Protein chains: 2
Amino acid sequence: MTKRTGECAGPKRQSIGARRNPETEAAILTAAADILREKGVRGLSMEAVARRARAGKATLYKWWPTRGALLVAVYERLKGEHPHADKGHLLDTITDFYRFVFGHWQTPEGQVFALIIAEAQSNADVAEALEGYRRERLEALTEVVSWSVERGEIRPGTESRALAETIMAAAWMRLLTGRLDTDPAALARDVLSGWLVEKQ
Amino acid sequence: MTKRTGECAGPKRQSIGARRNPETEAAILTAAADILREKGVRGLSMEAVARRARAGKATLYKWWPTRGALLVAVYERLKGEHPHADKGHLLDTITDFYRFVFGHWQTPEGQVFALIIAEAQSNADVAEALEGYRRERLEALTEVVSWSVERGEIRPGTESRALAETIMAAAWMRLLTGRLDTDPAALARDVLSGWLVEKQ
DNA sequence: TTCTATATGAACGATCCGTTCCGATATGTA
DNA sequence: TACATATCGGAACGGATCGTTCATATAGAA
């Protein structure tokens with residue numbers, strides 16, 4: 001079994017003097033993202049990224065000292081905006097939320113997120129970055145939920161943040177167990193119906 | 001930086017004829033579990049396991065062709081029973097459930113579970129084993145929830161399996177984001193209070 | 001006894017690790 | 001102009017692991 005060693009892509013760059021070359025940074029992050037898409041996280045070696053980006057390993061290690069740092073950088077670059085458009089009813093809003101994230105996670109770019117969670121289990125740098133992102137997303141989701149609470153859609157006394165975390169956990173669970181084909185509307189109903197004041 | 005290469009432990013075994021040596025299997029799985037405890041998943045190389053178990057690499061690869069297969073075998077051996085003692089009230093039952101799993105996941109043995117989930121993101125064998133385990137656990141939890149539904153504790157019309165999955169997802173979320181110090185009672189309340197007929 | 005399947009230990013070529021050199025390039029300052 | 005500075009690509013290193021393949025020894029099964 002001959003192991004295909006990654007091909008080189010793109011032109012070679014040079015130093016542009018006593019400052020960092022933005023093209024080099026872009027080329028490396030692009031190469032890393034491409035490798036992740038094509039070969040998964042197991043194929044993402046520093047060697048392979050340097051080869052593909054036509055960059056020196058010294059350059060790579062200078063700016064991203066660990067594989068975790070590189071992974072986080074790729075992720076920061078790829079992560080899309082999660083719009084939380086308030087649809088007037090929380091059930092619709094969360095259905096849309098699930099539809100959006102499941103769709104996003106099914107794209108090659110979105111699949112990186114599962115790898116980030118995986119890497120975070122054995123890499124403190126990645127874990128820290130993931131935790132920051134989780135908090136950020138939780139706050140945004142909490143805000144949407146709290147609007148619904150103010151409108152009286154939800155049982156009085158409900159803690160918005162707790163419910164938001166439940167909503168988020170259900171999504172992560174589907175991601176990590178390969179069930180992104182779950183029906184967003186059904187999931188939203190399963191998660192939320194207990195909390196809604198007006199029973200459907 | 002001198003990298004400590006794992007020590008050998010235990011006696012050397014021999015062939016016991018034209019059949020598999022159960023001592024070899026035990027020695028290898030024990031060595032793998034020990035390495036996981038001591039050095040984490042990054043230290044779990046086939047080389048290191050063979051060295052520590054005083055086994056030949058050929059033997060290792062014969063029975064566990066991939067690292068994922070070995071990880072699953074270790075996990076199958078370590079996984080403890082999750083007792084779902086019905087406490088009469090679902091809130092108490094789930095509080096106990098969270099207390100048990102968080103405690104278990106904080107032990108060296110339990111930490112393997114997070115690594116299994118991580119490995120499942122890039123290893124189909126592990127993903128399949130994880131999915132089987134998830135289904136098994138979900139059924140057990142669903143049963144407990146359904147008892148509660150029958151007792152009338154929960155809003156009528158609640159789907160036991162959906163609620164059970166929500167309960168489980170909340171636990172996984174805490175595991176994967178390093179928040180096993182979450183208060184079990186508070187979490188159970190945050191997840192369940194919307195579904196309980198008698199408020200708070 | 002002969003056949004078969006196992007277990008250990010050693011070696012192989014290959015890959016990746018993290019680091020360290022080198023020479024070339026281009027900026028900013030004196 | 002002259003020079004120090006900082007980057008970049010490329011190559012090499014010692015070490016570790018990978019997955020495979022030998023040789024040798026063991027002992028049950030036919």
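Fair warning: this is a prediction, and the values are worked out from it, not measured in the lab. Proteins come first, then strands; the chains are lettered A, B, ... in the order of their sequence lines, and each starts at number 1.
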- Message: Nearest to the side chain of B:Ser15, heavy atoms from C-beta on, is which of D:dA6, C:dA7, C:dC16?
- Response: C:dA7

- Taking only side-chain nitrogens and oxygens of A:Trp63, does any of them come within less than 4.0 Å of OP1 or OP2 of D:dT7? no

- Should we count CD of B:Glu128 as having more than 12 external heavy atoms under 6.0 Å? no

- Query: Between atom NZ in A:Lys57 and atom C1' in C:dT15, what is the gap in whole Å?
  - Reply: 10 Å

- Between A:Glu23 (CD) and D:dT7 (P), how many Å, whole number? 17 Å

- Message: Check the phosphate of C:dT8 against B:Thr24, side-chain N and O only, distance under 4.0 Å to OP1 or OP2. Yes or no?
- Response: yes

- Message: Consider side-chain contact (heavy atoms from CB on, under 4.5 Å). Of B:Ile167, B:Leu163, B:Val145, which one does B:Trp195 pass it with?
- Response: B:Leu163

- Task: Would you kindly give the CZ-to-P distance between A:Arg13 and C:dA26, to the nearest whole Å?
- Result: 14 Å

- Task: Using whole Å, report how far OH of A:Tyr61 lies from P of D:dC8.
- Result: 16 Å

- Between D:dT7 (C1') and A:Leu60 (CG): distance, integer Å: 14 Å

- Message: With a 4.0 Å limit, can you tell me whether A:Gln14 has a side-chain N or O closer than that to the phosphate oxygens OP1/OP2 of C:dA26?
- Response: yes

- Message: Please confirm whether the shortest side-chain N or O distance from A:Arg20 to OP1 or OP2 of D:dC8 is below 4.0 Å.
- Response: no

- Do any side-chain nitrogens or oxygens of A:Arg54 fall under 4.0 Å of OP1 or OP2 in D:dG10? yes

- Could you tell me whether B:Phe113 and B:Trp172 have their ring centroids closer than 6.0 angstrom? yes

- Query: NA contact type, B:Thr59, heavy-atom cut-off 4.0 Å: base, sugar-phosphate, or nothing?
  - Reply: base

- Message: Just the rounded figure in Å: distance from C1' of D:dG9 to CZ of A:Arg52.
- Response: 19 Å

- Interatomic distance where CD1 belongs to A:Ile16 and C1' belongs to C:dT25 [whole Å]: 10 Å

- Query: Within a radius of less than 6.0 Å around CD of B:Glu136, do more than 12 heavy atoms belonging to other residues, nucleotides or ligands occur?
  - Reply: yes

- Query: For B:Thr30 and B:Arg77, does a side-chain donor sit closer than 3.5 Å to a side-chain acceptor?
  - Reply: yes

- Item | OP1 or OP2 of D:dC8 under 4.0 Å from side-chain N/O of A:Arg19 | no

- Tell me which nucleotide among C:dG18, C:dG9, D:dC18 gets nearest to the side chain of B:Ala58. C:dG9

- Message: Distance check needed: D:dG10 P versus A:Lys62 NZ, whole Å only.
- Response: 18 Å

